[in-house]
Amino acid sequence: MGTIADQRVGRGARPPITPAPVISRIARVRAGRPALLWWGWACALFPLYATVSARRQALVRTTGYDLGIFEQAVRAYAHLDAPVAPLRGDGFNLLGDHFHPVLAVLAPLYRLAPSPYTLLLAQAALLALAVVPLARQATRVIGRRAAHVVALGYGLSWGIASAVGFDFHEVCFAVPLVSWALEALARRNWRRALAWAAPLLLVKEDLGLTLAAIGAYVAWRGPRRLGLAALALGLVGSALTFTVVLPFFNPSGGYAHAANLAPAHHAPLVTLLLAPLDAVRPEVKATTLVLVFAPAALIALRSPLALVAVPTLGWRMLSANAFHWGTAFHYSAVLMPIVFAALIDALRPYAAAGDPLARRHVRASLATVAAVTLVLVPSFPLAQLAHRSTWRTDPHVLAVRDILRRVPDGASVAASNRLAPQLTSRATVVLFPTFPVEGKLYSTDRAIPRPTAQWIAYDRRPPRSWPYPPGAWPYPAERQEREYALALARYGYVPVAQADGVSLLRRRT
């Protein structure tokens with residue numbers, strides 16, 4: 001009896017030999033196919049995110065606070081200047097607001113294409129890239145089909161959608177860094193995990209706490225000294241940023257957002273004791289805590305990797321700023337890679353078991369993840385692509401474009417919040433009416449100083465735009481109208497153009 005191969009090709013005959021170059025090509029194809037999965041998802045998510053952001057800018061739905069402010073900082077970096085943002089205050093160095101020197105990375109791109117779209121497209125690319133390590137790890141641990149579900153869950157998650165649907169923010173740099181760091185943690189590549197996490201110190205002041213959490217995980221599961229060193233680096237880095245770096249750059253000499261850290265109760269001990277209760281009340285906080293892990297069907301809570309989310313959730317739920325408590329804005333973006341990395345880790349033992357019951361558990365879990373993802377999509381900004389209004393340019397937008405074209409390049413302009421990012425790439429822009437006053441972000445009952453810009457671009461009918469309700473900002477409409485009337489009657493401005501609630505004034509020379 002010959003071998004099976006002999007029988008297939010004839011007794012005594014030798015099996016055909018595949019040439020080495022062909023074997024090499026086959027190996028490369030097989031090795032490359034999984035990579036097509038995760039890079040394919042990144043390529044698919046990028047245009048999705050970019051379209052949402054770009055249409056918001058085209059429809060005058062973006063804001064000076066925050067897209068305009070970030071563009072002013074990046075524009076300054078592109079010209080090798082300090083990141084001064086006039087929208088944030090006269091001569092205000094934005095490193096005194098939040099510590100995000102990573103923005104300088106965008107300077108070369110902005111120099112080539114000076115436009116708010118440069119920031120929005122960069123954000124879309126960074127958020128899309130974060131799917132790569134998640135899908136790659138899911139492929140290794142639970143299989144290729146499961147990786148598609150994980151990529152879908154992350155890509156359409158409400159935390160990422162909320163970031164895409166509100167301007168540009170520095171946190172977009174943190175999302176892929178955290179994603180790659182957690183992949184390395186899951187593979188027990190401790191040094192690589194910390195190498196990915198260390199740059200978080202340059203993204204935002206609170207992210208040193210996330211680095212500390214990753215260091216604590218390494219100290220627990222891996223080399224203790226290395227983990228404790230990273231833990232110390234994260235804690236000390238954040239502490240120095242809060243107490244030394246931010247006050248150094250801030251004109252007032254303090255931390256601009258110190259009001260958010262005010263104790264919830266008069267006595268420090270009472271504040272500490274009641275912190276667990278304060279973290280879940282009012283009701284919106286508890287809702288957000290559930291929704292953070294809902295995209296992973298709460299299964300991520302089984303994994304210790306979920307603990308990396310504690311620093312971000314902690315400061316948000318204990319903040320005095322109500323904006324931090326909910327699901328709007330960009331605050332949850334950095335949590336999404338943590339949630340899905342923890343999901344993969346939680347399903348790992350079931351996928352490795354291989355018995356029918358374990359396989360059923362994995363399939364049921366992934367089906368639930370997909371179902372929750374699809375149920376949540378209509379409530380968040382990615383659903384805007386299905387709205388007819390997203391693809392229609394209404395008369396108000398046409399009026400804005402026509403009127404703002406009359407503002408010359410290089411001019412100084414006091415603009416309404418929605419008009420500001422339409423001008424920041426070619427003009428020096430401040431807010432109209434003047435805000436903040438004397439650097440006080442959270443005080444709008446102060447006397448408003450007269451405008452000094454050459455032009456005033458005022459929109460009394462700002463379009464509705466998620467997550468803000470319709471209406472004027474930062475002052476009530478009546479007060480803004482009063483300041484507009486004063487500009488005409490007392491401050492020496494004359495009307496140049498007006499249409500559909502948009503007015504352009506020029507100061508007499």
Side-chain angles (χ1 to χ4, degrees), residues 37-39 41-42 44-46 48-49 102 123-142 146-164 169-187 189 192-200 203-204 206-207 209-211 213-214 217-218 291-313 316 327 330-348 369 372-373 376 380 382:
L37 187 158
W38 46 79
W39 288 109
W41 270 102
L45 292 175
F46 168 69
L48 176 68
Y49 301 157
V102 71
Q123 175 173 259
L126 288 165
L127 295 177
L129 277 175
V131 79
V132 171
L134 293 172
R136 182 165 55 201
Q137 181 64 4
T139 302
R140 293 190 189 104
V141 173
I142 46 180
H148 285 294
V149 177
V150 170
L152 176 75
Y154 165 83
L156 303 186
S157 62
W158 65 263
I160 299 299
S162 295
V164 169
H169 296 88
E170 73 280 89
V171 74
C172 65
F173 285 94
V175 177
L177 289 174
V178 169
S179 189
W180 257 285
L182 292 180
E183 181 199 26
L185 281 186
R187 300 188 67 189
N189 194 328
R192 180 173 294 180
L194 295 177
W196 281 111
L200 292 173
V203 178
K204 196 164 174 275
D206 64 274
L207 288 170
L209 303 179
T210 300
L211 169 60
I214 293 173
Y217 185 93
V218 172
L291 283 175
V292 163
F293 294 96
L298 305 185
I299 298 167
L301 292 170
R302 299 178 189 170
S303 168
L305 286 178
L307 294 172
V308 178
V310 169
T312 297
L313 288 174
R316 286 180 57 192
T327 57
H330 55 288
Y331 302 113
S332 297
V334 74
L335 298 173
M336 294 299 103
I338 299 173
V339 168
F340 283 94
L343 168 68
I344 298 166
D345 190 56
L347 292 179
R348 178 200 298 264
V369 168
V372 172
T373 297
L376 290 177
F380 292 93
L382 294 182

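This is a predicted model, so every value here is computed, not measured.
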Could you report the tightest heavy-atom contact between [X] and [Y], atom names first, then the distance?
X: Thr373; Y: Gly153; answer: OG1-CA, 3.5 Å
X: Ile214; Y: Ala197; answer: CD1-CB, 3.7 Å
X: Ile299; Y: Ala346; answer: O-CB, 3.5 Å
X: Ala342; Y: Ala306; answer: CB-N, 3.8 Å
X: Val102; Y: Val203; answer: CG1-CA, 3.9 Å
X: Ala151; Y: Ala135; answer: CB-CB, 4.4 Å

Is there a donor-acceptor pair under 3.5 Å between the side chain of [X] and the backbone N or O of [Y]?
X: Tyr154; Y: Ile160; result: no
X: Ser162; Y: Thr327; result: yes
X: Trp158; Y: Leu291; result: yes
X: Ser332; Y: Gly159; result: no

Derivation of the side-chain contact (heavy atoms from CB on, under 4.5 Å) call for Tyr331 and Val171: CA-CA 8 Å; Tyr331 302 113; Val171 74; over 6 Å; no

Qualifying residue, where the test is side chain to side chain contact (heavy atoms under 4.5 Å, CB included) with Leu177 and the options are Leu182, Leu211, Leu200: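 Option passing the side chain to side chain contact (heavy atoms under 4.5 Å, CB included) with Leu177: Leu200.
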
Candidate pair Leu126 and Val175, rule side-chain contact (heavy atoms from CB on, under 4.5 Å), full reasoning: CA-CA 7 Å; Leu126 288 165; Val175 177; over 6 Å; no

Are any non-hydrogen side-chain atoms of [X] and [Y] less than 4.5 angstrom apart?
X: Trp38; Y: Gln137; result: no
X: Val132; Y: Trp180; result: yes
X: Leu129; Y: Trp39; result: yes
X: Phe340; Y: Val131; result: no
X: Tyr49; Y: Leu382; result: yes

More than 12 heavy atoms of other groups within 6.0 Å of Arg192 CZ: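 Open: at most 12 neighbouring heavy atoms sit under 6.0 Å from CZ of Arg192.
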
Arg302 atom CZ, neighbour heavy-atom count above 12 within 6.0 Å: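 Above 12, so yes.
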
Stepwise side-chain contact (heavy atoms from CB on, under 4.5 Å) test for Thr210 and Val308: CA-CA 6 Å; Thr210 300; Val308 178; 4.0 Å; yes

If I take atom [atom1] from residue [X] and atom [atom2] from residue [Y], how far apart are they, to the nearest 0.5 angstrom?
X: Lys204; Y: Leu209; atom1: NZ; atom2: CG; answer: 10.0 Å
X: Leu343; Y: Phe293; atom1: CG; atom2: CZ; answer: 11.5 Å
X: Leu335; Y: Thr312; atom1: CG; atom2: OG1; answer: 5.0 Å
X: His148; Y: Thr139; atom1: NE2; atom2: OG1; answer: 7.5 Å
X: Leu301; Y: Leu307; atom1: CG; atom2: CG; answer: 9.5 Å
X: Asp345; Y: Ile142; atom1: CG; atom2: CD1; answer: 10.5 Å

Parallel, tilted or perpendicular: rings of His169 and His330 (30°, 60°):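 Parallel.
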
Pair Leu48-Leu45, side-chain contact (heavy atoms from CB on, under 4.5 Å): steps then yes or no: CA-CA 5 Å; Leu48 176 68; Leu45 292 175; 4.3 Å; yes

Side chain to side chain donor-acceptor pair (under 3.5 Å) evaluation trace for Arg348 with Ser303: CA-CA 10 Å; Arg348 178 200 298 264; Ser303 168; over 6 Å; no

